[in-house]
2 protein chains.
Amino acid sequence: MATDLEPRRFMTKVARMYYTHGIRQIEIAATLGISQARVSRLLQAAEQAKIVRTIVVIPEGLHAEVEEDLQKRYGLSQVHIVEALDPNDEAGINRDLGEAAALILSAMQLSGKTIGFTSWSRSLRSLVAALEPSKKKKSGATRIVEMLGDVGPPQLQHDSTRSTQRFADLIGGTPLFIRAPGVLSSAEVREAMISYDAHTREAIAALDELDVALVGIGTCNIDAPLEPGGNFFTVEQFAMAQSLGAVGQINLRFIDADGIPLESELDSLVIGVTLAQLPAKGGRFAVAGGRSKYEAVRAALRGHWIDTLITDMETAERLLQE
Amino acid sequence: MATDLEPRRFMTKVARMYYTHGIRQIEIAATLGISQARVSRLLQAAEQAKIVRTIVVIPEGLHAEVEEDLQKRYGLSQVHIVEALDPNDEAGINRDLGEAAALILSAMQLSGKTIGFTSWSRSLRSLVAALEPSKKKKSGATRIVEMLGDVGPPQLQHDSTRSTQRFADLIGGTPLFIRAPGVLSSAEVREAMISYDAHTREAIAALDELDVALVGIGTCNIDAPLEPGGNFFTVEQFAMAQSLGAVGQINLRFIDADGIPLESELDSLVIGVTLAQLPAKGGRFAVAGGRSKYEAVRAALRGHWIDTLITDMETAERLLQE
DNA sequence: TACGCAATTGTATCAAGATTCGTCAGTTGC
DNA sequence: GCAACTGACGAATCTTGATACAATTGCGTA
């Protein structure tokens, strides 16, 4: 009888009985005339189908003190701190930061804005993975612009493109892709690449009109999934940047320990946002944490290249020391 | 050290480990050096403290067909249907409807609006009970206006006032109370009561500027927590309304089976919103269901006094028959 | 029609999590 | 200063929920 309800309906019914009304599985089974095992499985399915969502809200002001200190110290508009489970597990930290960032972002008013996105950043891809679909009205005026061309191996490029697409879908905007390598072998090739593709030109033009930028902060090393050369900097180029004093980079624009941009011929090889193009105060987001990125994050803060930071507790505390 | 911050922090940490990372309670206990029992208790506490929220999303379009049919049939802008566990349990239905309505309402843009609220309605009080605090910026311009004076015993009046207050808090607006009985013994007393209190006058004035109204739909009987007489209609008055053809009432304004307002001297005894004051199309909300209210809901729909309905499946299907 | 394969469901069992109960530390009151 | 009280905690225990496995159903194919 009740069994001939459509599966989704049935799942919802059971889920509501279990979670909303707090009825035990056996009782649900009894009233519906099915076995307890089935109830258990239906609940699993409901969770799988995202009918049931269990979220852990990080209470506002949990880390209020540290957050405020950081805000004052570096003149930031917003700071969010996530407690890391294991300070050594950078992948885990990135996931956690991404989730937190997703919550923060979904609470923001983004429609109509032009949003720069760095799809190769792991933490930002985590963000997208954690974003929940919201039924906000789609606004065609909202644009999601990639802020850097492709970097790394083809697999990563796929992931990146999918992230941008999904991000745009979830936020209800139009994605603008940069379908060109992020790093090229010479300034001439770079020019050629830009003139080559209309979509890319459109995206690059949009970089001048960013309202919000989700930037990636990186070290001066080549991280795991990236490969030197090809469409990325070579080991030598990184070494050269370091010899100029670079301690980190923001979307592949190198900065020194004080956040001063280090201009070099490397800049002319990159297809992507420049530091000067970053939006005005209030729209410069970074999601970055973990020990390896500490120097880079500090430099970015010192240079005021970001004003909204989502990071882990350990990094936050180190940023406050000295 | 920090007063009650430490436990919350701990709860959050454990909750994140358990729910977000899916670690078993024993393992959490092991890594944190506490017992499994404590982990279990912390998780309960976290749920209690609303740090962990488990919500059952009613998938969009689950009842699409019935909802659309209802929309067309009665010219409604929105219909939401909730599956009732037990069609006989009116209290349960009200809770369910309230929860659903809370979800819908929280997805709406309400800031800056003037919102009429009927605090004695059980389903609307359920709505408030189910509303989650949202960290939307408080807008002083948002006003929550009571649409009816006090009815029923003192306890109910307390609950009503608290509901209105809480609703205003959660939505981020200012509450405007009507601190006067909802039903008076004569038109003269009514006038006197209105002129008596400045707050009440202010609230009543706001009723002319409603953007959204959350109305209560009622039968022509005296429901459990209400008492005849005093600040409510007497049995005789209800009987009189029925003899005029009333099958229900919207905030104590009687209507017949076709939704035609039944004007009588009873109207001059009520301190509250009039049907003419209801906002324009799109802002007339009703949360009502259960067998007893069917006639009244149908009448309200026929008269186009509401255009957004949240009801239960059984009522919805009955509304589509005949 | 019979057979085989896969998907679905229930039974029995096992693991995970909730709860009971006794202990202990910190408070209150006399 | 010493009961009596209160609340937090962990070990043991009991309950609840997940799962392995078997039975059953449904369906396409020979």
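These numbers come from a predicted model, not from an experiment. These values consider heavy atoms only, across backbone and side chains, with no hydrogens, waters or symmetry-generated copies. Letters A, B, ... are given to chains in the order of the sequence lines, protein chains preceding strands, and every chain is numbered from 1.
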B:I28 CD1 to C:dA18 P, in whole Å, measures 11 Å
**Asked** Taking atom types as modelled, is there a side-chain donor on B:D159 or B:Q155 under 3.5 Å from an acceptor on the other?
**Response** yes
Fill in: Side chain B:D312, main chain B:G290, donor-acceptor under 3.5 Å
yes
A:I26 atom CD1 is separated from D:dT15 atom P, nearest whole Å, by 11 Å
Among D:dT19, C:dT19, D:dA18, the one nearest any side-chain atom of A:Q25 is D:dA18
From CD1 of B:I23 across to C1' of C:dA16 the rounded distance in Å is 15 Å
D:dA12, OP1 or OP2 - any side-chain N/O from B:Q36 closer than 4.0 Å? no
When rounded to whole Å, the CG to P distance for the pair A:L42 and C:dT8 reads 11 Å
(request) May I ask you to say whether B:R179 pairs ionically with B:D150, meaning some side-chain N is under 4.0 Å from a carboxylate O? (result) no
Whole-Å distance, B:R38 CZ to D:dC9 P, equals 4 Å
Donor-acceptor pair (no angle test) under 3.5 Å: A:R41 side chain, C:dG10 base = yes
With the side chain defined as heavy atoms from C-beta on, A:R24 is closest, among D:dG17, C:dA18, D:dG10, to D:dG17
Of the candidates C:dT11, C:dA18, D:dA18, the side chain of A:S40 sits closest to D:dA18
### Task
Mind checking A:Q44 for me? I need base, sugar-phosphate or nothing, with any heavy atom below 4.0 Å counting as a touch.
sugar-phosphate
Result for 5'-nearest mapping on DNA chain D, choosing between B:S35 and A:V39, is B:S35
Separation of C:dA15 atom P from B:E27 atom CD, nearest Å, is 15 Å
Taking every heavy atom of A:T219 against every heavy atom of A:S292, the minimum-distance pair comes out as CG2-O, 3.2 Å
Atom CD of A:Q48 and atom C1' of D:dA18 are separated, to the nearest Å, by 16 Å
Rounded to whole Å, the CD-P distance (A:E47 to D:dG17) equals 14 Å
Is it true that A:E83 and B:R9 make a salt bridge, defined as a side-chain N closer than 4.0 Å to a carboxylate O?
yes
